[in-house]
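First comes the structure, then the notes that go with it.
If you're wondering where the values come from, they're calculated on a predicted model, not measured in any experiment. Basis for what follows: all heavy atoms, side chains included, without hydrogens, waters or symmetry-related copies. In each ligand, atom 1 is the first atom listed, and ligand 1 is the first ligand listed.
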Amino acid sequence: MTTYEFPQDFIWGASTAAFQIEGAWDEDGKGESIWDRFNHQPYRILNGATADIACDHYHHMPDDVALLQALGVNSYRFSISWPRILPLGTGAVEPRGLDFYDRLVDRLLAADILPMVTLNHWDFPQALQERGGWPNRDSAGWFTDYAATVFERLADRVAYWATHNEPFVVAFSGYGQGGFAPGVASMPQALKAVHHQLLAHGRTVELFRQSGYAGQIGIALNLAPFLPKTERAEDIAAAKRMEMLMNGIFLDPVFKGAYPQGLVTWMGEMWPDYPTEDLTTISQPIDFLGINFYFAQIVSFAAHGLLKLNSEQYVDPGWGITDKGWGVCPSQLTALLNHLKQDYGNPPMFITENGICLGDTKDEHGLIDDQVRINYLRAHFQAAYRALAQGANLRGYYVWSLMDNFEWSDGYNQRFGLVHVDFDDPKRKRTPKASFDWYRDLIENNAVSP
Ligand code: IFM
């Protein structure tokens, strides 16, 4: 049988994030993050769930590395909790926090697994929130100092660094709409949060280059195609607005040194002021673009709301909508990668996240036969392969997620893992699902069936 074979040096990985798996929220001197504060407030999270223990990865880290080794990945993407390193966000360093990640990196390397480290996967220090958070321009300096501390300890051994994970979500869910920590609902604040995360990114890349570290550095963005519902000019313009708000607002300054003018004009007086030199800093060349892909949307003009649009999920024939409300559309992953190839200079790219949430209940033998996840992943790997075959500079693929975890405002209701975690068990028993075995075989063959 013919297969779609990936390049020999292709990276196959799995992703997690500190807040979603670690637990130990106040242990070993860790400071409070905005998500600790948020998930301890009533009615913020489904069923009142908290990540105080989550997967208890902080105490099960060696077992989790053993799972990665059994899976056969050649890279693991995880994030560092900023307040575990700097409990107040700046100033005194907590050595026990750094030691934890140091041990993790060494264990991964001993297992022949390259670390990809994300510096900001949303768990911003609460102490810095009280000093204004991301909308305060000082946040760019706070972040760069934190990055310097982490680089000094780990950059001799880490292959890949991502400055931010999905800065869109931080800005627009955290500060724009308020459904995520820190729970602020203000578009001007959200736009400042965008700019300062980007400035922090640029300054960190600059620092990384000046220090001469051997690894590669990039950023992980959640990107999606936005298709106009009809050929009417107002629908086309609405889709373009959505595209600029989610994709262009990060891609354009990083790759082209300018924000999308159409968006700046649309936002008018809400658009923040900043020195023009910021864009030079933000557009420092990066080594790779991380892409978190989950959905695409069909957009039409609407008479109401700031952006004057309605959007619905795009669903490929034969697929449906997940519990998360996201339409399954592998065809749009190929389209997205081709768009990045054509319009952004085909940078080295990794899919830094892709996966599906399912109910994932155990059968009478205690097994989780998640065939839907297998079908989903197969279709997305095929879609990635098609883009690769058409010339997209795709270097690797990280499945979200290694294990079921704390899915932010959805608590533990949505399971994304290749490994099932029993959240009722004090030991958080891990059980690999059928998709784990399937992915292991795929990695071994370095190929997916067409
Ligand atoms: O769990 C999240 C992750 O933290 C960021 N990207 C999307 C995932 C699924 O919602």
Is it true that Glu312 and Lys229 make a salt bridge, defined as a side-chain N closer than 4.0 Å to a carboxylate O? yes
Logged contact type for Trp326 with ligand 1, heavy-atom cut-off 4.0 Å, is side chain
Between Trp400 and Tyr294, does the ring centre distance come in under 6.0 Å? no
Strictly below 4.0 Å, N to O, side chains only: are Arg373 and Asp360 in salt-bridge contact? yes
Between Asp369 and Lys433, does any NZ, NE, NH1 or NH2 come within less than 4.0 Å of an OD or OE carboxylate oxygen? no
Please check whether Asn405 reaches ligand 1 - meaning an N/O of the residue sits under 3.5 Å from an N/O of the ligand, judged on distance alone. no
Tell me whether Arg96 is salt-bridged to Glu27, with the criterion being a basic N under 4.0 Å from an acidic carboxylate O. no
Under a 4.0 Å heavy-atom limit, does Glu407 contact ligand 1 with its side chain, its backbone, both, or neither? side chain
Distance-only N or O hit between ligand 1 and His121, under 3.5 Å: yes
Tell me whether Trp408 has any N or O atom under 3.5 angstrom from an N or O of ligand 1. yes
Salt-bridge criterion met for Asp106 and Arg157 (N-O under 4.0 Å): yes
Between ligand 1 and Glu353, is the shortest N or O to N or O distance under 3.5 Å? yes
Say whether Glu166, considering both its backbone and side-chain N or O atoms, lies within less than 3.5 Å of an N or O atom on ligand 1. yes
